[in-house]
Protein chains: 2
Amino acid sequence: MSTLDQLDRALLAALAADHRATVVALAERLGLSRNTVQARLARLEASGAFASFERAIDPAPLGYPLEAFVAVHVRQKRLSEVVERIAAIPEVLQAHGLSGSVDLLVRVVCRDAHDLFRIDGEILAVDGVERTETSLSMGELIPYRLGPLLDR
Amino acid sequence: MSTLDQLDRALLAALAADHRATVVALAERLGLSRNTVQARLARLEASGAFASFERAIDPAPLGYPLEAFVAVHVRQKRLSEVVERIAAIPEVLQAHGLSGSVDLLVRVVCRDAHDLFRIDGEILAVDGVERTETSLSMGELIPYRLGPLLDR
DNA sequence: TTCCGATTGAGCAACATGCTCAGTCGATAC
DNA sequence: GTATCGACTGAGCATGTTGCTCAATCGGAA
């Protein structure tokens with residue numbers, strides 16, 4: 001489980017290129033036997049190298065074209081309650097606890113600017129939240145990529 | 001291409017649960033014919049509803065257990081050059097252009113705190129970058145999810 | 001009604017899967 | 001040097017899946 005070797009990474013890269021490729025196709029692409037790929041895939045799956053496939057679904061076609069980050073300042077000691085309440089908002093995609101002055105970085109999607117205003121209000125209304133700073137994403141200037149880390 | 005219907009969303013949810021499920025298995029799960037699922041899947045694929053599968057790969061098993069957000073203040077007009085330079089850093093996973101006082105929110109992974117210090121230094125050294133504020137992620141308190149948006 | 005797109009079930013050849021087994025290879029151990 | 005180990009390979013086989021086409025059905029919109 002330590003760290004993945006070159007072969008695992010090549011397999012991940014091949015999967016990234018075509019997430020529904022068959023085992024046979026992957027084996028051919030990597031110049032490996034079918035058996036090896038099957039074993040490696042099973043090991044990757046078991047070791048938790050794959051996060052949920054939800055991460056690879058674009059929210060825009062669902063009708064949520066706008067994305068924003070809400071930096072939340074929380075009254076100390078209330079963090080877990082606050083997280084629980086924020087998690088109840090459907091438009092919240094993800095949230096990270098942070099070191100530093102911002103306690104919580106919340107990633108949200110919304111239908112339009114008005115919708116964002118409403119969601120921000122919902123977060124601000126949570127008991128324990130002191131202040132929020134909302135930044136609208138103007139675009140994913142570097143689209144998520146793992147490539148440079150896989151090519152090593 | 002407008003917005004996806006109930007059926008598309010159910011299909012996405014089923015895929016999220018098992019990203020390598022066969023078409024037959026998906027059809028069974030949703031109570032649909034194999035043909036329908038095959039047609040829908042092809043349409044989703046063609047319409048760009050799937051982002052790269054890279055997004056569903058956990059960087060931790062690759063040897064990058066730490067994640068951080070670097071808020072970057074950029075001298076105006078230099079944004080595209082700065083983005084280009086930052087994109088050359090392999091540990092940079094993603095970056096969003098933001099409205100507000102922070103111009104760029106950069107998501108990075110690293111091996112340890114020392115590594116983060118180095119990467120932050122690399123970003124700060126980019127010509128056009130005025131200032132950075134780095135926050136270490138203490139955990140993904142709300143793990144990425146689309147579920148609440150799919151269940152509507 | 002008439003048309004339309006979406007869905008269905010059937011059928012078929014080609015292919016993929018899951019499994020097992022015996023053989024090969026290189027590294028580390030003794 | 002040779003024993004042992006884990007990883008990889010190629011073969012085989014029954015069963016399941018894919019990609020495709022077709023004709024039939026259904027409900028909604030013109």
Side-chain angles (χ1 to χ4, degrees), chain A residues 1-54 56-65 146-147 149-152, chain B residues 1-65 146 149-152:
Chain A
M1 217 155 296
S2 53
T3 127
L4 308 181
D5 67 10
Q6 204 53 47
L7 220 150
D8 289 311
R9 289 189 245 164
L11 184 49
L12 290 175
L15 263 180
D18 177 5
H19 68 101
R20 290 190 68 76
T22 65
V23 172
V24 173
L26 293 169
E28 210 159 278
R29 181 180 196 125
L30 301 182
L32 294 170
S33 83
R34 181 167 83 88
N35 261 345
T36 303
V37 171
Q38 219 152 11
R40 291 274 181 161
L41 258 187
R43 223 180 53 193
L44 284 174
E45 187 81 53
S47 77
F50 300 131
S52 165
F53 182 70
E54 281 174 297
I57 299 174
D58 183 2
L62 291 171
Y64 297 87
L146 225 49
L149 293 184
L150 292 175
D151 299 342
R152 288 202 155 175
Chain B
M1 215 158 295
S2 54
T3 126
L4 308 180
D5 67 8
Q6 203 54 47
L7 221 149
D8 289 311
R9 289 190 245 164
L11 184 50
L12 290 175
L15 263 181
D18 177 5
H19 68 102
R20 288 188 68 75
T22 64
V23 172
V24 174
L26 293 169
E28 212 158 277
R29 183 183 194 123
L30 301 183
L32 294 170
S33 83
R34 179 167 84 88
N35 262 343
T36 303
V37 171
Q38 222 152 9
R40 293 274 183 162
L41 259 187
R43 223 180 51 194
L44 285 174
E45 188 81 52
S47 77
F50 300 130
S52 164
F53 183 70
E54 281 175 297
R55 292 182 193 255
I57 298 174
D58 184 0
L62 292 172
Y64 298 88
L146 226 48
L149 294 185
L150 291 175
D151 298 342
R152 287 200 157 174

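Letters go in sequence order (proteins before strands), and every chain restarts at 1.
- For the pair Asp5(A) CG and dA27(C) P, the interatomic distance rounds to 15 Å; values are reported in whole Å.
- Between Arg40(A) and Leu4(A), every side-chain heavy-atom pair lies at or beyond the 4.5 Å cut-off.
- Atom-to-atom, CG of Leu26(B) to C1' of dT18(D) comes out at 13 Å; the value is rounded to the nearest Å.
- Between Leu12(B) and Leu146(B), every side-chain heavy-atom pair lies at or beyond the 4.5 Å cut-off.
- What separates CD of Glu28(B) from P of dT8(C) is a distance of 14 Å, to the nearest Å.
- Leu41(B) comes within contact range of no nucleotide atom at all, as no heavy-atom separation falls under 4.0 Å.
- Atom pair Asp8(A):CG and dC8(D):P shows a separation of 8 Å (rounding to whole Å applied).
- The Asn35(A) side chain lies nearest to dT9(D) when the options are dT9(D), dC20(D), dT18(D).
- Leu26(A) is listed as a side-chain neighbour of Leu41(A), based on a closest heavy-atom distance under 4.5 Å.
- Of the candidate nucleotides dT21(D), dT9(D), dA16(C), dT9(D) has the atom nearest to the side chain of Thr36(A).
- Residues Gln38(A) and Arg40(B) each lie close to DNA chain C; by heavy-atom proximity, the contact nearer the 5' end of the strand is made by Arg40(B).
- Within 3.5 Å, no donor on the side chain of Arg34(B) pairs with an acceptor on the base of dG16(D), nor the reverse.
- Checked against dT17(C), dT17(D), dC8(D), the side chain of Thr22(A) finds its nearest nucleotide in dT17(C).
- Residue Leu7(B) contributes atom CG, which lies 8 Å from atom P of dT8(C) at whole-angstrom precision.
- The nearest whole Å value for the distance from the CG atom in Leu4(B) to the P atom in dA6(C) is 14 Å.
- Atom CG of Leu30(A) is separated from atom P of dT9(D) by 10 Å (rounded to the nearest Å).
- Using cut-offs of 30° and 60° for the angle between ring planes, the Phe53(A) and His19(B) rings count as parallel.
- Salt bridge absent: Arg55(B) and Asp58(A) never bring a charged side-chain N and a carboxylate O closer than 4.0 Å.
- Rounded to whole Å, atom C1' of dT18(D) lies 15 Å from atom CD of Glu45(B).
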